[in-house]
There are 2 protein chains.
Amino acid sequence: MKSPSSQPRDRGIPEATVARLPLYLRALHGMGERGITTVSSEDLAVAAGVNSAKLRKDLSHLGSYGTRGVGYDVEYLVYQISRELGLTQDWAVAIVGVGNLGRALANYGGFVSRGFRVAALVDADPEVVGDTIAGLNVEHIDELEAVIKRRGVSIVVLATPAAAAQKVCDRVIAVGVTSILNFAPVVLSVPESVDVRKVDLSIELQILAFHEQRKAGGPLMAVDGQ
Amino acid sequence: MKSPSSQPRDRGIPEATVARLPLYLRALHGMGERGITTVSSEDLAVAAGVNSAKLRKDLSHLGSYGTRGVGYDVEYLVYQISRELGLTQDWAVAIVGVGNLGRALANYGGFVSRGFRVAALVDADPEVVGDTIAGLNVEHIDELEAVIKRRGVSIVVLATPAAAAQKVCDRVIAVGVTSILNFAPVVLSVPESVDVRKVDLSIELQILAFHEQRKAGGPLMAVDGQ
DNA sequence: ATCCCTTTGTGAACCGATGCACAAAGTCGG
DNA sequence: CCGACTTTGTGCATCGGTTCACAAAGGGAT
Ligand SMILES: NC(=O)c1ccc[n+]([C@@H]2O[C@H](COP(=O)([O-])OP(=O)(O)OC[C@H]3O[C@@H](n4cnc5c(N)ncnc54)[C@H](O)[C@@H]3O)[C@@H](O)[C@H]2O)c1
Ligand SMILES: NC(=O)c1ccc[n+]([C@@H]2O[C@H](COP(=O)([O-])OP(=O)(O)OC[C@H]3O[C@@H](n4cnc5c(N)ncnc54)[C@H](O)[C@@H]3O)[C@@H](O)[C@H]2O)c1
């Protein structure tokens, strides 16, 4: 049953909007630090690099938090967006695969700043297991399930080689994890109920190369006949 | 007779398609290595994690390279996609900011595997400048313009702190770079003609948190009135 | 050569997202 | 208290992208 009248805000926020909320949040934090207390949709849109109509429509999905003729209260909007994104609680993140990338992630401060806490590091290599990285002990992959339960991990970051990713993925899902951030260049197969987001550097570069080639070749490029 | 005019393929490939081509390419490489010579849209779609109608429409933008009743020739399709993406030439990439992340990227093998070559590392920290990382000498940021020209860099990866990103960005654009991959959590301001792609880990986590919260709270969650 | 079977390539309906443009809502100065 | 001004919130047209569904193309068997 829907309860259209009783809820102040729409429960179905478009995916595209969700993806932009963190952007607004970042811009708002910057403004808050610079002492700005109120901001118009136009100014915030510029700071976030989007169109102001889009920004207003995005915010309207959360509720009606602006004041016409004035704009939005920075602090209040930060709170509303944070709450909507679930950043008022903190999330325990496990990083599986503590190689080049996993280490960089573990040492990254920007994580913690927004309600995310690296709660566990897990690796298969006996050389690495037992090391302390970013103040955390690296645990053995055999302990994966135990560690996830013990630390209350709800988001898993996969930074293992591609070949190991699916297996690790299956295991964490089996113990109830439903949110995965995957850096390995493989298509993970997961149940409908699990969210996977992927970051693939190589794909980003290939997209850049495509456009770069267009620019370089441009209208004058001799397109080889075959 | 395939190409009656000299332009066999459509020059306007949808952005969404471009973003998926690398995915197909990866799946095709895997198949090639496993000795598969021919693949149907259905099988390739499964391997790439997309819908087969979408895959066929995507490929149709490059030309008509399939055989009805049979499928696509793996090797030939790899070649066509590679060419379309501009991967038949190799691209010199510079990494600016050789900290946690920059180092991980520099040491990453997956770069080279697809026509990308890390041609330069640049940093501002005197501690780091002069070090050899992944076989490359780290150069000083003062040399940025000279290095980019000398090495023929056409793609720049930004892995500096957020505060330094815009300045570096302006400088590389000034010497003709038009493709940038940005890891710093800032909105870069660039001319129309420059392509910027961003990778923001923190945003990915926030999106996961949003959905995680929904799942956890689910239909039973007591939505607090405020 | 003909028929049957498989699979492509694509027209058309559909869907979500974008951006314009403006009425409604609120502020602020007088 | 009023009227001018600012800025929000949204209806609506539009657009790019997805999906369905099928005619046309080609291969292989007989
Ligand atoms: N480094 C980068 O810049 C980069 C960029 C894009 C993608 N990636 C991808 O990220 C992943 C990690 O890259 P990397 O450069 O850190 O590689 P890496 O080899 O340095 O690290 C991989 C780590 O995973 C561990 N591991 C292997 N099998 C495991 C298992 N079954 N369970 C747990 N841990 C296991 C290894 O011991 C190692 O420590 C790879 O899939 C890579 O393709 C890396
Ligand atoms: N490490 C991660 O996992 C991670 C994840 C997401 C985003 N990021 C972002 O990536 C960027 C780099 O992160 P990091 O963890 O490697 O930081 P880091 O501090 O380890 O490295 C930054 C490097 O940039 C160099 N630098 C500073 N100013 C410079 C300048 N003007 N020109 C050239 N080099 C300069 C520093 O000397 C340092 O070596 C940051 O913006 C960070 O927010 C990092």
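In this text the structure is predicted, and so the values were computed from the model without any measurement. Residue numbers begin at 1 in each chain, while the letters A, B, ... track the order of the sequences.
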| query | If you look at every strand shown and take non-hydrogen atoms under 4.0 Å, does B/E42 touch a base, only sugar-phosphate, or nothing? | reply |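 No contact.
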| said: What contact category does B/A16 fall into here, base, sugar-phosphate, or nothing, at under 4.0 angstrom with non-hydrogen atoms? | reply: sugar-phosphate
Starting at atom [atom1] of [X], determine the distance to atom [atom2] of [N], rounded to an integer number of angstrom.
X     : N      : atom1 : atom2 : value
A/D73 : C/dG26 : CG    : P     : 16 Å
B/E15 : D/dG17 : CD    : P     : 8 Å
A/D58 : C/dA17 : CG    : P     : 10 Å
A/L62 : D/dG9  : CG    : P     : 10 Å
A/R56 : C/dC22 : CZ    : P     : 14 Å
B/L55 : D/dG17 : CG    : C1'   : 15 Å
B/I13 : D/dG17 : CD1   : C1'   : 15 Å

Does [X] place a side-chain N or O at less than 4.0 Å from the phosphate oxygens OP1/OP2 of [N]?
X     : N      : value
A/N51 : C/dC20 : yes
B/Y72 : C/dG9  : yes
B/R68 : D/dC22 : no
A/T67 : C/dG26 : no
B/Y65 : C/dT7  : no
B/S64 : C/dG9  : yes

| field | Any donor-acceptor N/O pair under 3.5 Å between C/dG19 base and A/K57 side chain | value |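 Present.
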| query | In terms of side-chain heavy atoms of B/K54, which of D/dG17, D/dT18, D/dT10 is nearest? | reply |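 Within the option list, the nearest is D/dT18.
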| Closest-nucleotide 5' rank along DNA chain D - winner of A/S40 and B/R20 | A/S40
| message | side-chain contact (heavy atoms from CB on, under 4.5 Å) for A/L59 and A/Y24? Distances and angles first, verdict last. | response | CA-CA 10 Å; A/L59 295 184; A/Y24 305 152; 4.3 Å; yes
